[in-house]
Amino acid sequence: MVMTRSNDRSRGPPGDLFVYLDVEEIPEIQRDGINLLSTVSISYLDAILGAAVQVKTVEGDTELQIPPGTQPGDVLVLAKKGAPKLNRPSIRGDHLFTIKVTIPKRISAKERDVLEELAFLTRNPSSRPQSRPKVQQATGSTQSENDSVTEDTNEEGDQNDLWNKLKGFAGSVANGALNWLKGNL
């Protein structure tokens, strides 16, 4: 709108215009500058195995990938999902999610047995089987029940793959932190 000076006094005297805005708060999301902060609760199984969980953002619900081995207090980042920077709306902050791992107070007898077995395997790594039974398809040939078929596992390949995934994840976290620091300092 273009304002011009005129002798028309029906508009009132020139002056300042004050605009007041009420911003709707989302209880699960706090603001810290251009970054948004939230807490997400996951089960201990999701923390160990990894999962994809639905989280609330200012743009609506979205999926957050929980990597395997996530620890309580870890912070996961959804880049460029924060608030826009004042006078530079093309720059946006990140949405940071602090992980809270929930541990059940009560478990079933079967869950307890499985967890005790896992604890035993963790304490005694030499008792772990080095190969897994291979699932067989029904075929015309027969085998005696005493024959066991095992699948050779390529442990070195599995360890390298896990290491590469871990290095990639750590690199992406470091890059995200570096980008955040560059944009906010």
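Values below: every heavy atom of this structure, side chains too, minus hydrogens, waters and symmetry copies.
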A.B. asks: What are the two closest heavy atoms between Ile107 and Pro104, and how far apart are they?
C.D. replies: CG2-CG, 3.8 Å
A.B. asks: How far does CD of Glu24 sit from CG of Leu21, to the nearest 0.5 angstrom?
C.D. replies: 13.5 Å
A.B. asks: Does Asp113 offer a backbone N or O that forms a donor-acceptor pair with the side chain of Glu116 under 3.5 Å?
C.D. replies: no
A.B. asks: Kindly indicate whether the side chain of Leu64, heavy atoms from C-beta on, has any atom under 4.5 Å from the side chain of Leu78.
C.D. replies: yes
A.B. asks: Give a yes or no on whether Val114 and Leu121 share a hydrophobic cluster (residues Ile, Leu, Val, Met, Phe, Trp, Tyr; joining criterion: side-chain heavy atoms under 4.5 Å apart).
C.D. replies: no
A.B. asks: Where is the tightest heavy-atom contact between Ile26 and Lys56, given as atom of each residue plus distance?
C.D. replies: CG2-CD, 3.7 Å
A.B. asks: I need the minimum non-hydrogen distance between Pro27 and Gln30, along with the two atoms involved.
C.D. replies: O-NE2, 3.2 Å
A.B. asks: Is there a side-chain contact (heavy atoms from CB on, under 4.5 Å) between His95 and Ser38 once you walk through the steps?
C.D. replies: CA-CA 8 Å; His95 196 145; Ser38 295; 2.7 Å; yes
A.B. asks: What verdict does the side-chain contact (heavy atoms from CB on, under 4.5 Å) test give for Asp16 and Phe18, after you've listed the backbone C-alpha separation in whole Å, the side-chain angles of each residue and the deciding distance to 0.1 Å?
C.D. replies: CA-CA 6 Å; Asp16 295 332; Phe18 293 97; 4.0 Å; yes
A.B. asks: Hey, does Val55 have a side-chain heavy atom less than 4.5 Å from the side chain of Asp61?
C.D. replies: no
A.B. asks: How many angstroms lie between atom CZ of Arg112 and atom CZ of Arg106, to the nearest 0.5 angstrom?
C.D. replies: 14.0 Å
A.B. asks: Going from CG on Asp94 to CD1 on Ile34, what distance comes out if it is rounded to the nearest 0.5 angstrom?
C.D. replies: 7.5 Å
A.B. asks: Taking only residues at least two apart or on different chains, which pairs with a member in residues 32-67 satisfy ring-ring contact (aromatic ring centres under 6.0 Å, His included)?
C.D. replies: none
A.B. asks: To the nearest 0.5 Å, how far apart are CG in Leu37 and CZ in Phe97?
C.D. replies: 10.0 Å
A.B. asks: Less than 4.5 Å apart, any side-chain heavy atom of Ser41 and any of Thr102?
C.D. replies: yes
A.B. asks: Looking at Ile66, Leu76, Ile99, Thr62, which hits side chain to side chain contact (heavy atoms under 4.5 Å, CB included) with Val53?
C.D. replies: Ile66
A.B. asks: Does any N or O in the side chain of Arg31 come within less than 3.5 Å of the main-chain N or O of Gly33, such that one atom is a donor and the other an acceptor?
C.D. replies: yes
A.B. asks: Looking at Arg92 and Glu59, does any basic side-chain N land under 4.0 Å from a carboxylate oxygen?
C.D. replies: yes
A.B. asks: For the atom pair OG1 (Thr39) and CD1 (Ile29), what is the distance rounded to the nearest 0.5 Å?
C.D. replies: 11.0 Å
A.B. asks: Any chance you could measure Thr98, atom OG1, to Lys100, atom NZ, to the nearest 0.5 Å?
C.D. replies: 11.5 Å
A.B. asks: Quick one: does any side-chain atom of Gln71 pair with a main-chain N or O of Gly69 as donor and acceptor, under 3.5 Å?
C.D. replies: yes
A.B. asks: Do Val40 and Leu45 share a hydrophobic cluster (ILVMFWY, side-chain heavy atoms under 4.5 Å, transitive)?
C.D. replies: yes
A.B. asks: Indicate if Val101 and Leu49 have the same hydrophobic cluster label, given that clusters are the connected sets of ILVMFWY residues with side-chain heavy-atom separations under 4.5 angstrom.
C.D. replies: yes
